[in-house]
Amino acid sequence: MRVKRLLPNASLFREAAKILPGARLDLMRWFSSHARNLPWRRKKGLRRDPYAVWVAEIMLQQTQVATVVPYFEKWMKTFPDVAALARASESEVMRAWAGLGYYSRARNLHRAAGLIAEQGSYPATALAWQALPGIGPYTAGAIASLAFDAPAPILDGNVVRVFSRVFALNFLPENGREQREAYWKLSGIWAAGKHPGNANEGLMELGAVVCKPAVPLCGACPLQSACVARKRNWQETLPPVKQRQKVEIVTGAAIVLKNRNRVLLETRPQNSFLAGHQLFPMFLDKKVRDWRKAFAKRFPECVKEQVGSGTVKHSIMSKRYVLEVFLTTFIGRSSLKNTGTESPKSTWVSQDRVDEILTNSLARKIWKAVKD
Ligand code: SF4
């Protein structure tokens, strides 16, 4: 091939049908001797534990393997099976997840555990997994194939990179429907054969440890004889670079209200920023110009002085939150007025327990700003 493919066409799938069965065998042979020993890969009897595969796949969304391993080990001790997870309270689940970020993953895992425990068995197909909260097509395919050996396609960044290089695809799934379907179709061809679980996991492994983004280790790659990028020296330019998402800056303010040895925490309302988390009262309102005035209006029982304790910066997805942090003393007896646009549930918490209660990094940064 002389040029990179700018769009999928019939010749791509003819080529894939010819090349992939042999490449698949080569890759599975390589995987049987090179697979990393990861805790979720251990088998229970002859099969992989669907619970372990599922928990790991959810943790691995947006998080590196090295970070996930200790969390996974601890999680499996705390909630060794789906019934234990279903029985746990939301705050126990959030505590075990604290530090991994993207907390909706934990909430969905917990909700899905409740549904599976109620049904009494795990779904066995990708489609049935997709019906559970927090499980998209990639995760469903990965769980169904890895845990149940179902011939389900998978598509993550690693798989895209390998296919893009092997077939010289100069486009990405996010470029359009036709492009996305082409990648899924290639993955479907890949999965349709013996031992789809091993074939899929081997493909992900290859993308993670050999066909790396910056410097692929082509000399050690089982797909080197099939790979167009290697033949043409196109590894550096394939896959094409993603358009960078614009980062939106969101400014706001948070206040730590002290009352003797207690501080005020609020449970963020449903459908709001960090819903369900315990956080210090905050404003993220573009219309507010003077945070001190806004807090004084919302908590008139505070002493007048609100001491500025610096600025906290925190990124979540494509947003960068820049929050001014204030510290003040609350002198009212009780009756907190919720005069903000949202009505969060407020609780006074002993200062000694704050570290243990706060499960998200933004709240911890705010707490650190007033403690330091
Ligand atoms: S030969 Fe190189 S570029 Fe091609 S799939 Fe293997 S590691 Fe990736």
Side-chain angles (χ1 to χ4, degrees), residues 1-38 41 57 60-61 64-66 138 141-142 145-146 151-175 179-243:
M1 184 184 298
R2 300 237 159 94
V3 288
K4 295 171 190 166
R5 285 188 161 98
L6 294 171
L7 276 175
N9 55 21
S11 78
L12 165 65
F13 303 112
R14 275 199 303 275
E15 200 181 312
K18 213 160 104 193
I19 288 173
L20 289 184
R24 195 178 184 275
L25 283 178
D26 292 341
L27 186 127
M28 281 164 65
R29 226 170 279 132
W30 168 84
F31 186 53
S32 65
S33 53
H34 289 81
R36 286 170 295 174
N37 180 17
L38 298 171
R41 288 187 174 162
E57 283 302 326
L60 288 164
Q61 294 169 352
Q64 302 281 328
V65 170
Y138 162 74
S145 60
L146 269 51
I154 51 161
L155 199 62
D156 69 350
N158 288 327
V159 175
V160 167
R161 191 163 54 254
V162 174
F163 283 153
S164 166
R165 286 173 172 167
V166 169
F167 295 105
L169 307 181
N170 199 13
F171 55 82
L172 295 167
E174 44 272 56
N175 293 146
Q179 291 88 334
R180 189 168 52 251
E181 284 174 3
Y183 274 100
W184 277 108
K185 195 166 169 186
L186 290 174
S187 185
I189 298 172
W190 180 267
K194 276 189 183 168
H195 311 302
N198 266 350
N200 277 354
E201 198 168 26
L203 187 59
M204 293 190 261
E205 187 82 343
L206 187 85
V209 302
V210 176
C211 193
K212 299 189 211 188
V215 189
L217 312 173
C218 299
C221 178
L223 305 188
Q224 53 182 289
S225 61
C227 180
V228 179
R230 174 169 163 84
K231 282 179 207 149
R232 298 266 162 210
N233 240 347
W234 286 339
Q235 298 96 321
E236 270 183 36
T237 50
L238 289 173
V241 182
K242 260 188 203 178
Q243 295 248 318

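This one's a predicted model, so the numbers in the text were calculated from it and none came from an experiment. Counting starts at 1 for both ligands and their atoms, in listed order. In this chain, residues are counted from 1 in sequence order. When reading the values below, keep in mind they use all heavy atoms of this one structure, side chains included, and skip hydrogens, waters and symmetry mates.
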- What protein atoms of element N, O or S are positioned under 2.8 Å from atom 2 (Fe) of ligand 1? Cys218 SG
- So, Ser187 side chain and Ile154 main chain: donor-acceptor pair closer than 3.5 Å or not? yes
- Message: If the condition is ring pair (Phe, Tyr, Trp, His ring centres under 6.0 Å), which residues does Tyr138 pass it with, not counting sequence neighbours?
- Response: none
- Message: If we ignore hydrogens and angles and just use 3.5 Å, is the side chain of Glu201 paired with the main-chain N or O of Leu146 as donor and acceptor?
- Response: no
- Do Val209 and His34 come within less than 4.5 Å of each other through their side chains, counting heavy atoms only? no
- With distance as the sole test, does Arg5 use its side chain to make a donor-acceptor pair with the main-chain N or O of Phe167 at under 3.5 Å? yes
- Side-chain heavy atoms of Asn158 within contact of Leu206, under 4.5 Å: no
